[in-house]
Structure formats: C-alpha cells, structure tokens
Student: 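Here you go, one structure.
To find a chain, count down the sequence lines: A is the first, B the second, and so on, and within it residues start at 1. The analysis underlying the following values was restricted to heavy atoms, covering all of them including side chains, and did not include hydrogens, waters or symmetry mates.
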2 protein chains.
Amino acid sequence: MSTRMNAGVRSPTLHDVAREAGVSLATASRSLNGSARKVNDAYRERVQAAAARLGYTPNLSAQAVAKGSTMTVALVVGDISDPYFSSIAAGVIGAAEESGFIVTMAVTARDSERELALVRALRGQRPRVLILAGSRTSDEPSQQALVAELTAFESTGGRVVVISQHELPFDTVLLDNYGGARRLAAELVGLGYRRFAVISGVPSLLTSRDRVLGFLDGLAEHDLTVPADRIVHTEFTRDGGFAGAVELLEHGIDDVELVFAVNDVMAVGAMSALREAGRIPGESIAVAGFDDIPTVRDITPALTTVQIPLIDVGRHAVELALAPRTAGGTEIPVETTVVIRESTPARK
Amino acid sequence: MSTRMNAGVRSPTLHDVAREAGVSLATASRSLNGSARKVNDAYRERVQAAAARLGYTPNLSAQAVAKGSTMTVALVVGDISDPYFSSIAAGVIGAAEESGFIVTMAVTARDSERELALVRALRGQRPRVLILAGSRTSDEPSQQALVAELTAFESTGGRVVVISQHELPFDTVLLDNYGGARRLAAELVGLGYRRFAVISGVPSLLTSRDRVLGFLDGLAEHDLTVPADRIVHTEFTRDGGFAGAVELLEHGIDDVELVFAVNDVMAVGAMSALREAGRIPGESIAVAGFDDIPTVRDITPALTTVQIPLIDVGRHAVELALAPRTAGGTEIPVETTVVIRESTPARK
DNA sequence: CTGTTAGCGCCTTCAA
DNA sequence: TTGAAGGCGCTAACAG
C-alpha cells in the first residue's frame, strides 16, 4: 500500500492519443505537431478530438530529444527584484512568448563565479538562446572561462546575446553607457552645476566604469573635474547608494552641488541618506541617476536620469537571437536619452 | 555548401564520454549523475576527466524523459516588471536554485484567459511544481477551467501552489489581505483620520476586493464609512492609481483626509496625480498603500503601507511545493504588518 | 561493481 | 497520405 497520494496516473502520451483515435503514432504526431498539412482532415480531427478528450499535452522534453532542439530561451540576470533587470526580463519574456518560446531564468546575485556556474548548468537545457543581462566585469579569469563556455555553446548551434558594452565576442545589445553619462554631464553643466560628487559601483563593474568615465569626460569638456575623494565606490544596489552617500557626507560635501549615482536605485538610496542628513534633494542638493526605472518619475523630487528603454532592450535581445547568424556578431545599439527632472533644477 | 555557420558540431553525449573514458554507457551515467557511489573511484575519475575534456553537459531533456520527471518549477506571474511580482519571483528563484531546480517563467499580463492558456502550455514541460502568483479573479468560467487544468496536473504527480487567498483547492501561501487592511484602517483612525477615499482595482480582482473589504470593516468598527462615490475602481497598476486619483479629484475630494490605494504602485501613481493637482501628500492629504514594495520607503513622503514579506512568500511557495503532499491541501499563512510612515502623519 | 539491454515519449525517414 | 521502425540521449532494471 502506497502512501503517495493520487500521483499514480501518468500523463497521457501520444501513444494513448493514437490508440484512442484509432490511428498510428505517426499520424497522431503529424496531426498534432507536424508543421505541414500532410494529413487527411478527417483523421486530423479525430486525433485532435482524442487529444482533447484525454487532456493530452505534448511532452516538451521528449520533443526536444527527438528533434534535437528546444524552444527555450535562457535568461541570466543579476537580481530579478531589481527594476533594471525585471524590466529587461519583461521585454525578453514578452518577445519570447510571442515567438512561441519558453523562458527559463537564473540569477547570479551579481557574482561572476556564480554566473559561470549557471551558464554551465543552463547549457544542460540545450536552450536555443542564452541571454546574459548581468553586468560584465573586468574580472579576467572568470571572464575567460565564461567566453570559453559561451563559445562552446555557440559552436553547438546555440545563440548567445549579451546586453552591455561590447566586451564579449557575441551578438550584443549595446547600451551607450559612456555617451549617455557624457551627455548628462553636459546638460547638467548647462543647468549651472559646477561641483559634483559621484557614487559609483565597484571599479571592476564595466557598466559603472563606463558611466563614470563618460560623466567625467563630459565635465572635462567644460574644464570641470571631480576630486578623487568625491568619487566613492559601493555596491550597485539601493543600499550601496545609501552607503555611498553616507560616506560622502562623512568626507564633508557642503560645497557639492550635485551627486551623480551611476544607477537609479543607487540614486534613490542616496537621496534617502542625504535627506536623513538634513540635505533636501532638489533644493539644497541635486541628484541624478541612470536607467530611468519606472518609479523614479514618481518620487519627489522626480529624478533626473539617463533613460534606457529597458523593455525594448529585452525585446531586441531576443530579436537578435532569433535573427540569422552573422559573421562577426551583430550589435544593436540602443539610444540613451537624458531626462531632466526636478531633482536637478536650473541654478540661477 | 552550407551557409549555416559553425553550427555543425553537436554537443557531446554521454556515449561520447563513455567511449573517451573506455567504459560502458551505464558506468559513465553512474559516475556523472548516479546518486549513490556505486562506482570504482578509478573509473569515476576517468569518466569525469573525459567529461571535462569533452565539455560534456548532461542533456536535461533526455534525463527528463528517461527518468519521467524534471527538476523544474514553473512560475506564473501577472507582470514581472511589477515590483510585487519580481520580489516574489526573487524568492521563488532563490529557493528553487538552492534545491537544484530550474525555474521557467510565464507572464499573464493579468489576463485570466491567457493564464489558462499558459498553464496548459506550461504543463508540456512536465514541471514538478507550478506556482501561480497572479491575482485570482472571480471570473467564474475561466476559473473553473483553470481548476480543472490544475487538478489534472496534480493527478499526474505535479504540485501546484497558489499565492493568494484560499480560493482554489490547492496548497496556498495565504496572504492576509483582509486582516492587513483592517488593521491599517484601525491604525489610521487611531492617528486621527476620519474621512477617506479608496482607489481599488476592478471588483473581480479578489486581492483588491479583500483589501477594500478589510479596510471598510476596519473603519466600520469605529463607526466610520466611505461613501460609494469615494471608492473608484481602476487598473491594478501605477497608471491605474494615477487615473484613480484623477477620477477622485474630479468628483471633488476637498474634505478627504486620506486616500487608501489597494497596492503600493497604485499609491505611488496616485501621489503623483495628487501632487500635480496641487495637493501635497503627507501634508495636505495623506496616502496609504499595500505591499511594502522596496521603493516606497525611499519616496517622499515615505509611504504608509501594509508589509507583505514578498521574498519570503516566494520561498514559502517552493517549500510548500517540495514538502510531502498532505490530504486537504496545506496553507502557509503569511503575516502582514502595518507600517506607518510619513505619508500619514498623526492629525493633531 | 560493471556492462547489456530495454525502455522513456516523440519525431522522422522509409516503404507501402 | 499512412504505418512500421529506428533513433534522439539518458536511466534503470537485469544479469554477470
């Protein structure tokens, strides 16, 4: 006597359907999944009726082994609860589902060792597409292993798309982190700002590095600089932004007019820290971010930032993956747009 | 001559590894995946070395058909870019990965027809677990079909977990929407508020309905009511909240002291609408939400809300799914906690 | 402990 | 157009 509860019934198989419909396995297969219409309408209908009666659902795994390919997109993100990644994921899932793909998701927790392990594990699914949305780092050893793994994956027919800078030799959705930050700096100078502080991620984070570089270069064009002690490096998260602002405050930033955080969640955290310290964002100190995640237009003051069309980024990634393979690897550049809001009022 | 680029190499199979290592298929299988150590260490090492040399990754689909079961958790959410869902997803993914499960994700776009279709499609993956995080509705016909589909899934050995109220006859992570809203109302009355307006989702949305009910009952305990024209029904999104506030403003809400939006993203949207209309949240009008999504503590004024431990909710869902099946279906109730912040200052 | 041999559920030649 | 049969990559008895 088993203690297992009502788990005895197995899912109906194609074989069951064929028997129920009184046709061969092959005919059943063709009526239910075969692409071209190579089956008598009468049969086809009988099979479909039988399938419905039995509640048949094709076993995707079995189809995968038989066909030697799947209809799945594997997506690797840093942290799905971060609006940056969840917006990209929304785009990926939307586009993938439209093309009949299933998406599986893995989270690196922003750890490149873990990212490598995940990619390896994900390959077991034999996905048609592997999309890396996590931020690239300059952590050489693990990057090389990653490239090797991804190259192997491509050589067996898979497609890989990277969302970031063009650091890796694969199709990529190119985010203009450098240019966006540079233009942001220019606009800010135009508004009358002269003295800045920067809250950056760890130096090995390429996204962060490029944004800082762009920002500094943008300032340099106007002969402005940011003293080294006004650039702090912290976690690429809300709490990191908070901590970064606290650190700046400890150094003393009474004369700083504007704090640039390299992403919006950090900027939001920084605003809270500044406010707790008695500085009022948008009034006694300006703040700018990067990404334009959904909430920042609703906070007070609304945040000046560089907009990335995150949903589109996700969609582009799957378009790229589903398009014919090209020689050197294709890039889809994505426009970034400076959006000035109340957190950076013009200085009179 | 083929135009297909470097897609010719097939992934190495277990067979390749066995040959490379000079052992049988079975031995290779046992050394690489077989749970117990039933293989000579010398052989095991040779096999592992061969696997590494070849870059072998087990084909999960093949394993699935051979074993008759997968290691995947299918997660259905309403909208992954909504912080409510992405936080839950983070919990699900975290817990699933810890147990060696892969998670696949589908998005209903809050459409119950679509949810049904997705569940049907998802069954094709033969996941071990199916988690529904989308909000339940009282839309009878499609709910019945959904229950039928889920029941069939369970009868073939799958586990289903629902996150919501206990509307469906499955294991559920129970969110105390009613109680949380009721306690919120009580606290608000304690702070001195007497005249309220409510921005609700569409009436068929169970989550929304329960929160409104709880809120009204909480007020009723203090002999307070909300006039029908002060309760508006809109989309369960940021834009819905914005639109709801606009609608309230059109009706005239000069005497309203506090607006309760049934979730945080709606509250955030409502705050923007109120502000645009010249009302200052936290000063000339109070606002409260529900969920305690990450950003609301950082907005200004920080939002009073009812906290749901969203990450834990996701984790509980997979714990439930992985625990032994029980007779009537288990429930894990999740505490909700009222969090008073600056958006609802005490009225003198 | 190891190898042989059936399958798992499905697709896809190959004849008929 | 239809059916029979082999094969996809792997696991799980079953003997040895």
Side-chain angles (χ1 to χ4, degrees), chain A residues 9-48 50-51 54-72 123-128 156-158, chain B residues 9-48 50-51 54-72 123-128 156-158:
Chain A
V9 195
R10 59 172 182 61
S11 298
T13 72
L14 191 56
H15 188 236
D16 298 328
V17 175
R19 187 157 34 71
E20 172 85 8
V23 300
S24 77
L25 233 186
T27 307
S29 172
R30 288 191 273 251
S31 332
L32 258 20
N33 312 307
S35 39
R37 40 177 58 273
K38 315 192 89 182
V39 91
N40 184 323
D41 280 351
Y43 275 2
R44 160 173 260 108
E45 281 164 27
R46 259 169 59 190
V47 172
Q48 285 170 340
L54 265 38
Y56 169 77
T57 328
N59 182 322
L60 265 29
S61 293
Q63 289 190 160
V65 317
K67 297 208 242 223
S69 84
T70 63
M71 286 293 276
T72 108
R123 284 189 60 194
Q125 299 181 44
R126 303 287 185 274
R128 282 256 280 271
T156 58
Chain B
V9 194
R10 60 171 180 63
S11 299
T13 72
L14 190 56
H15 189 239
D16 298 327
V17 175
R19 186 157 34 71
E20 172 86 7
V23 299
S24 77
L25 232 188
T27 305
S29 171
R30 288 191 274 253
S31 330
L32 260 19
N33 313 307
S35 39
R37 41 176 56 272
K38 314 192 92 186
V39 92
N40 184 325
D41 280 350
Y43 274 3
R44 158 173 263 109
E45 282 163 27
R46 262 175 50 199
V47 172
Q48 285 170 340
L54 265 39
Y56 169 77
T57 328
N59 182 321
L60 266 29
S61 292
Q63 289 191 160
V65 320
K67 297 210 247 224
S69 84
T70 61
M71 287 293 277
T72 108
R123 284 190 61 195
Q125 300 181 45
R126 303 287 185 274
R128 282 258 279 273
T156 59

Student: Does the side chain of A:Q63 get closer than 4.0 angstrom to OP1 or OP2 of C:dC11 through an N or O atom?
Tutor: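 Yes, within the criterion.
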Student: So, is B:S29 close to the D:dC10 phosphate, meaning a side-chain N or O under 4.0 Å from OP1 or OP2?
Tutor: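 So the side-chain polar atoms of B:S29 never come under 4.0 Å of the phosphate oxygens OP1 or OP2 of D:dC10.
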Student: Quick one: is A:N40 getting a side-chain N or O under 4.0 Å of the D:dT2 phosphate, OP1 or OP2?
Tutor: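 Yes, A:N40 has a side-chain N/O under 4.0 Å of OP1/OP2 on D:dT2.
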Student: Measure the angle between the two terminal helix axes of the helix from C:dC1-D:dG16 to C:dA16-D:dT1, five base pairs each, and quote it to 10°.
Tutor: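 About 40°, once rounded to a multiple of 10°.
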Student: For a quick check, tell me whether the side chain of B:R30 and the base of C:dG3 share a donor-acceptor pair closer than 3.5 Å.
Tutor: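 Side chain to base: pair present.
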Student: Just to be sure I understand the rule, does A:T27 reach a base, reach only the sugar-phosphate, or reach nothing, if contact means heavy atoms closer than 4.0 Å?
Tutor: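 The answer is sugar-phosphate, as A:T27 gets under 4.0 Å only of primed atoms, P, OP1 or OP2.
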Student: State whether the side chain of B:R128 and the backbone N or O of B:M71 hold a donor-acceptor pair below 3.5 Å, judged by distance alone.
Tutor: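 Here the side-chain-to-backbone pair does not exist.
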Student: Look at the side chain of B:R126 and the base of C:dG9, then say whether one donor and one acceptor between them are separated by less than 3.5 Å.
Tutor: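 For B:R126, whose side chain was compared with the base of C:dG9, there is no donor-acceptor pair (under 3.5 Å).
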Student: Considering residues at least two apart in sequence or located in another chain, which fulfil the side-chain contact (heavy atoms from CB on, under 4.5 Å) criterion with A:A50?
Tutor: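 Checked A:A50 against side-chain contact (heavy atoms from CB on, under 4.5 Å); matches are A:V17, A:E20, A:A21, A:R53.
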Student: Among all residues two or more places apart in sequence or in another chain, which pass the salt bridge (charged side-chain N to carboxylate O under 4.0 Å, His left out) test with A:R126?
Tutor: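 With sequence neighbours excluded, A:R126 shows a salt bridge (charged side-chain N to carboxylate O under 4.0 Å, His left out) to no residue whatsoever.
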Student: Would you please name every residue forming a side-chain hydrogen bond (donor to acceptor under 3.5 Å, both in side chains) with A:T72, sequence neighbours left out?
Tutor: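 For A:T72, no residue satisfies side-chain hydrogen bond (donor to acceptor under 3.5 Å, both in side chains) once neighbours in sequence are set aside.
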Student: Extract all donor-acceptor atom pairs below 3.5 Å that involve side chains of residues 55-65 of chain B and protein atoms in other chains or at least two apart in sequence.
Tutor:
unit_1, atom_1, unit_2, atom_2, d
B:N59, OD1, B:S61, N, 2.9
B:N59, OD1, B:A62, N, 3.0

Student: Residues from residues 65-72 of chain A sitting under 4.0 Å of DNA chain D, heavy atoms only?
Tutor: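 Nucleic-acid contacts, sorted: A:V65, A:A66.
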Student: Please list, chain by chain and in numerical order, all residues satisfying side-chain hydrogen bond (donor to acceptor under 3.5 Å, both in side chains) with A:S31, sequence neighbours excluded.
Tutor: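 Residues passing side-chain hydrogen bond (donor to acceptor under 3.5 Å, both in side chains) with A:S31: none at all.
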Student: At less than 4.0 Å, is any side-chain N or O atom of A:S24 found next to OP1 or OP2 of D:dG3? Yes or no.
Tutor: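 For A:S24, the contact criterion (side-chain N or O under 4.0 Å from OP1 or OP2 of D:dG3) is met.
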Student: Are any of A:N33's side-chain N or O atoms less than 4.0 Å away from OP1 or OP2 of C:dC11?
Tutor: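 Yes, such a contact exists.
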Student: Residues two or more places apart in sequence or in another chain: which of them pass side-chain hydrogen bond (donor to acceptor under 3.5 Å, both in side chains) with A:S69?
Tutor: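 side-chain hydrogen bond (donor to acceptor under 3.5 Å, both in side chains) list for A:S69, sorted by chain: empty.
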Student: For A:N40, enumerate each residue passing the side-chain contact (heavy atoms from CB on, under 4.5 Å) test, keeping only those at least two apart in sequence or located in another chain.
Tutor: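 Applying side-chain contact (heavy atoms from CB on, under 4.5 Å) to A:N40 gives A:A42, A:Y43.
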